[in-house]
Number of protein chains: 2
Amino acid sequence: MGIDMPPTEITMTSTDTNTGLRRTRQRAAVGAAMGRSSEFHTAQEVHAALRDSGDSIGLATVYRTLTQMAEAGEIDCIRTPDGQAAYRRCSSGHHHHLICRGCGRAVEISPPSFEAWANQIATENGFTQIDHELELFGRCAACS
Amino acid sequence: MGIDMPPTEITMTSTDTNTGLRRTRQRAAVGAAMGRSSEFHTAQEVHAALRDSGDSIGLATVYRTLTQMAEAGEIDCIRTPDGQAAYRRCSSGHHHHLICRGCGRAVEISPPSFEAWANQIATENGFTQIDHELELFGRCAACS
DNA sequence: CTGTACCTGATAATCGTTATCATGAAGATG
DNA sequence: CATCTTCATGATAACGATTATCAGGTACAG
């Protein structure tokens with residue numbers, strides 16, 4: 001059965017990123033695709049892009065892989081205004097975005113002392129395991 | 001009621017909130033339901049609540065009405081982590097929430113000077129019509 | 001009161017996402 | 001290198017939230 005890694009020690013040998021997942025061609029392809037762009041992309045877009053560039057991969061696998069990468073903290077996940085999940089590779093550190101409703105262009109922003117503020121508010125209210133979502137949506141100059 | 005003055009001229013007579021929509025029993029019921037609670041609720045929840053309390057109303061109408069109310073600025077709309085749309089009546093002024101992933105309890109928070117900061121960032125990047133989404137998700141004391 | 005344009009709601013259609021499950025491949029072991 | 005166990009894959013079905021359809025009802029201006 002499972003043996004999905006004992007809690008304490010780690011015996012990994014060649015699995016990719018200490019996540020206990022096997023290294024496969026498909027996972028590598030998704031990782032490469034995400035690393036290639038700095039914009040937000042939905043699972044469907046990533047799937048289409050991979051198919052177009054010749055990589056054979058199933059849609060379910062793309063969904064699974066993106067979800068796993070997001071859980072592992074390798075990529076960011078946000079919800080677009082219409083409810084779709086969009087992923088983007090993490091640059092260094094934590095950050096947020098200013099996204100154009102017209103063309104989807106995203107600018108990375110870093111609220112000074114925002115993290116600290118968020119944690120303080122959470123603690124004051126007895127909340128733990130805080131995860132924050134801060135996204136600014138607007139229209140960029142090009143989209144009037 | 002709102003009466004936030006239509007841009008120029010309006011010929012409305014008895015339509016409710018200057019939105020050009022007719023005053024109907026269903027719309028009133030949704031409005032009343034939203035005013036009754038200060039928590040976030042999905043369209044499905046609002047529909048079930050109305051049905052349970054004896055009001056006959058169609059699901060499609062609830063969706064339509066909530067969407068319209070949100071567009072009119074009468075209620076706030078956020079996306080839950082799993083992509084569902086959740087609505088909540090606007091209390092005074094703009095605000096944000098600290099939401100428990102376990103029980104859904106929401107605490108209203110007001111980042112000092114956050115609005116100003118958001119607008120500044122937007123302007124610096126040439127963005128207009130800014131709409132921001134700031135939600136903190138965590139686990140409250142009761143949910144460990 | 002009357003007419004008409006808008007609203008309603010049961011239902012079908014969409015669409016993103018997840019579950020299923022037989023088959024294939026990764027990686028540990030002999 | 002051979003083999004074996006287990007996890008990963010992917011075609012497809014299932015799912016759930018939301019939206020479109022459209023016949024019939026109703027608000028409200030005249």
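So that the names make sense, note that chain A is the first sequence line, chain B the second, and so on, each numbered from 1. Nothing here was measured: the structure is a model prediction, and the numbers come from that model.
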Can you check the [X] [atom1] to [N] [atom2] distance for me, whole Å?
| X | N | atom1 | atom2 | value |
| --- | --- | --- | --- | --- |
| A:Leu59 | D:dA8 | CG | P | 18 Å |
| B:Leu66 | C:dG9 | CG | P | 13 Å |
| A:Arg64 | D:dT12 | CZ | P | 15 Å |
| A:Ile57 | C:dA25 | CD1 | P | 15 Å |
| A:Tyr63 | C:dT20 | OH | P | 18 Å |
| B:Gln44 | D:dG16 | CD | C1' | 8 Å |
| A:Arg23 | D:dT9 | CZ | C1' | 18 Å |
| A:Gln26 | C:dT23 | CD | C1' | 13 Å |

Item to check | B:Tyr63: which of B:Gln68, B:Gln44, B:His47 passes side chain to side chain donor-acceptor pair (under 3.5 Å) | outcome: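 Result for side chain to side chain donor-acceptor pair (under 3.5 Å) with B:Tyr63: B:Gln44.
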Item to check | Pairwise 5' ranking along DNA chain D for A:Val62 and B:Ala60, keeping only the more 5' one | outcome: A:Val62
Next on the checklist: Let me spell it out: for each of A:Thr65 and B:Ala85, pick the nucleotide of DNA chain D with the closest heavy atom. Which residue's pick is nearer the 5' end?
Outcome noted: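 Its nucleotide being nearer the 5' end, the pick is A:Thr65.
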Next on the checklist: Does D:dT26 have OP1 or OP2 under 4.0 Å away from a side-chain N or O of B:Thr24?
Outcome noted: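 For B:Thr24, the contact criterion (side-chain N or O under 4.0 Å from OP1 or OP2 of D:dT26) is not met.
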Item to check | Distance test, side-chain N/O of A:Arg27 to OP1/OP2 of D:dT9, below 4.0 Å | outcome: yes
Can you check whether [Y]'s main-chain N or O pairs, donor with acceptor, with [X]'s side chain at less than 3.5 Å?
| X | Y | answer |
| --- | --- | --- |
| A:Ser53 | A:Leu50 | yes |
| A:Arg27 | A:Thr65 | no |
| A:Arg89 | A:Gly35 | yes |

Next on the checklist: Using only modelled atom types and a 3.5 angstrom limit, is any donor from either the side chain of A:Arg22 or the base of D:dT6 paired with an acceptor on the other?
Outcome noted: yes
Next on the checklist: As an exercise, state the distance from CD of B:Glu71 to CG of B:Leu66, rounded to the nearest 0.5 Å.
Outcome noted: 11.5 Å
Under 4.0 Å, heavy atoms only, any strand: does [X] hit a base, just the sugar-phosphate, or nothing?
| X | result |
| --- | --- |
| B:Thr61 | base |
| A:Ser56 | sugar-phosphate |
| A:Arg25 | sugar-phosphate |

Next on the checklist: On DNA chain C, does the nearest nucleotide to B:His47 precede the nearest nucleotide to A:Gly83 from the 5' side, or the other way round? Give the residue.
Outcome noted: B:His47
